[in-house]
There are 2 protein chains.
Amino acid sequence: MKKKILISDIAKDLGVSVTTVSFILNGKAKEKRISDGLTKRVLEYVQKVGYKPNELAKSLRTGKTKIIGLVIEDISNPFFANIARLIETRAYSKGYRIIYCSTDNQPDKTIELIQLFRDRHVDGYIITPSEGIRDTIQALLSNQLPLVLFDRYIPGLTTNYVVSDNVRGAYDATAHLAQQGYKRIALVTLYSSQTQMQDRMNGYMRAIDTYKLQPYVKKVNMGDDEATTMQAIYSFLADQEPDAVFFATNYIAITGLKALKHSPVPMPGIVSYDDHTLFKLFSPTITAVSQPIEAIADELINVLLNQLDGKVKETKQIMLPSELIIRESSLPQTSLITS
Amino acid sequence: MKKKILISDIAKDLGVSVTTVSFILNGKAKEKRISDGLTKRVLEYVQKVGYKPNELAKSLRTGKTKIIGLVIEDISNPFFANIARLIETRAYSKGYRIIYCSTDNQPDKTIELIQLFRDRHVDGYIITPSEGIRDTIQALLSNQLPLVLFDRYIPGLTTNYVVSDNVRGAYDATAHLAQQGYKRIALVTLYSSQTQMQDRMNGYMRAIDTYKLQPYVKKVNMGDDEATTMQAIYSFLADQEPDAVFFATNYIAITGLKALKHSPVPMPGIVSYDDHTLFKLFSPTITAVSQPIEAIADELINVLLNQLDGKVKETKQIMLPSELIIRESSLPQTSLITS
DNA sequence: CGGAAGTGCTTAAGCGCTTTAGCATGTTTG
DNA sequence: CAAACATGCTAAAGCGCTTAAGCACTTCCG
């Protein structure tokens, strides 16, 4: 067990001061007029002995951690998992590291995680806000901490955010079903005051208006266990007998599909907000509103890094378009999955 | 923007020394014979002003971060995502926080992540080792860093690990297919020298022996894009025409199902190693070898915490049984999914 | 009644790094 | 030729905390 080598060891070994080594290591050799020869000598020695500075000490001294805290709704949801991956890669190339945690959309957990990140002095925050955390976000804001929300925002709070055009996405999805000739198009969504859910509801309603249809809406509880939710959806389907269903999130869609599996009613047309790897496997395959995750990740990192650089002071609100991925839903093909 | 309050502020405000406050805050009041009155006074004041110690300074001083680094193959894989969640919760209740990153099973990324965690001075490591990181793990070991591997281990290295009984799991899966009357049972697996994959292969082969069948094995590359893998599996199925397929991981199973969807050959019996939420949605539903994720998470945390406490010195190897979740595969029921 | 032991607290060092201020030199320049 | 400046480096303070050592006083006990 070789013991940890310190900057002072290097200084001593090379017969120079700790200051000089520090300057060189931080790329300030030129600026601080350290001779090229010495710079080279130090760099080579550092390389040779494999010195790694103690990041804790560095952070304590500089007040910077080069870490971005990512507070995400559910890391096991492919939509979020993929965004997290992209953010991670992009941040990495800029010298930042990501630490992430899931909130399950629970306010207390969210608040606690943000506190944890504050304790760890992360340099910036990327957050999918749950309900009821307005004050926590406000606190970050008043402490001037770099912050960008995504997937949804908090109405009335002036923050950076990156969201997709949920109204438009939901409208397109519903309109697509209407154009296919479906008449009883249902929306299955959550009890939620969050912007993305409200916007999806609005988009659905607008399309219902455009096509002069009747709305059929079922709301379920996020917190309920899957069996309960499945039962609720099942009853709704049996009662209302929609000929098409628009699920407002991919996990509601999955639960909905499970309900449909056991349901005696005919297979309705199906669209899901957010895609899922397995959706293309079903017969008929499932049309989905796909958010531009690459663009979202890019914008999130851009906005945050601009804040971190201190370049940009004003807040930025970005809305990106979603795309409807239409899969052949009316022509069930011969498929092994269908047994 | 209220400025951060320090332990010295508290000491000054209360007219006591920083040391005293520190002792009280760290629960050493009794041990250090601080009077109950003062203890109470300090605690109340701390509460009132909402003081939070600077964890960085604490860590620098104590050398402990109370953080566990979780290096996981792929956080978007439900198996790993669920384990991560469980580990997180359990660690949390013991006062530890988790930071996690995905390796995609790539050696360089894994090595880099472990280095990142070392830089951040995490107290302990939970790792799904990719191939080619023996030296990195060895380095952790020789520096006496608390460490536990899972899902697989590194042959010849004496480390803590928690794995499931892959041989048995694969045997049961294959035997199940054989008992159903399938004759041409194929295994689709990865090119991999990792223990879990080798064990699954061994289990399959043993069952093939027991039932006097012929083996049909297809190996695919982890790194290939999905379309390539799908094509490879497709060709294999078309050539060999197995009447049952055992997929060695859940993501191979998913790719395999996609291949099957476009395949003209009759639907084979299917078993997947590792379950997936959506498997129960297919018709016929898919039987899966389900690992005991709760038990795995429990053991991982237990083993690691014991190391962290310094109580336990010797290493511990734990193997847990997997369970075969048999779903009604021979009786395709009327299902909406089947169009 | 004097030394030992107990009580309740504080002083000060130091974790490993960054950074401000400044100290010798050598080189211009008016 | 002294003042002014440039060059190449260093001393030392300090980020916010923990903790070993110790100080002054009281109580106990043979």
Base, sugar-phosphate alone, or nothing: which one does [X] contact when heavy atoms must sit under 4.0 Å apart?
{"X": "A/Leu60", "answer": "base"}
{"X": "A/Leu56", "answer": "nothing"}
{"X": "B/Lys30", "answer": "nothing"}
{"X": "A/Thr62", "answer": "sugar-phosphate"}

### Query
Cation over ring, B/Lys28 on B/Phe23, under 6.0 Å and within 45°?
no
### Query
With B/Ser59, which residues qualify under side-chain contact (heavy atoms from CB on, under 4.5 Å), at least two apart?
A/Leu56, A/Arg120, B/Thr65
Separation of [X] atom [atom1] from [N] atom [atom2], in whole Å?
{"X": "A/Ile34", "N": "D/dA6", "atom1": "CD1", "atom2": "P", "answer": "17 Å"}
{"X": "A/Phe23", "N": "D/dG8", "atom1": "CZ", "atom2": "P", "answer": "15 Å"}
{"X": "B/Arg33", "N": "D/dG22", "atom1": "CZ", "atom2": "P", "answer": "14 Å"}
{"X": "B/Glu31", "N": "D/dT18", "atom1": "CD", "atom2": "C1'", "answer": "13 Å"}
{"X": "B/Ile10", "N": "D/dT18", "atom1": "CD1", "atom2": "P", "answer": "11 Å"}

### Task
Please list, in 5' to 3' order, the outermost nucleotides of DNA chain C lying under 4.0 Å from any heavy atom of chain B.
C/dT7 to C/dG16
## Note on the structure
Heavy-atom nearest nucleotide on DNA chain D taken for B/Asn54 and for B/Lys32; more 5' hit belongs to B/Asn54
Below 4.0 Å: OP1/OP2 of [N] and any side-chain N or O of [X]:
{"X": "A/Ser17", "N": "D/dT10", "value": "yes"}
{"X": "A/Ser35", "N": "D/dC9", "value": "yes"}
{"X": "B/Ser22", "N": "D/dT18", "value": "yes"}

#### Entry: Parallel, tilted or perpendicular: rings of B/Tyr125 and B/Phe117 (30°, 60°)
tilted
### Query
Hey, is NZ on A/Lys316 packed in by over 12 heavy atoms from elsewhere, all under 6.0 Å?
no
### Query
Given that B/Arg61 and A/Leu6 both sit by DNA chain C, which one's nearest nucleotide is further toward the 5' end?
B/Arg61
### Task
Could you say whether B/Val16 or A/Asn26 is positioned toward the 5' end of DNA chain C, judged by the nucleotide with the nearest heavy atom to each?
B/Val16
### Summary
What one should report as the nearest heavy-atom pair of A/Pro107 and A/Ile133 is O-CG2, 4.0 Å
### Task
Identify the heavy atoms of B/Leu60 and A/Ala57 that sit nearest to each other, and give their distance.
CD1-CB, 3.8 Å
### Message
If you define the side chain from C-beta out and look only at heavy atoms, does anything of B/Val162 sit under 4.5 Å from B/Leu320?
### Response
yes
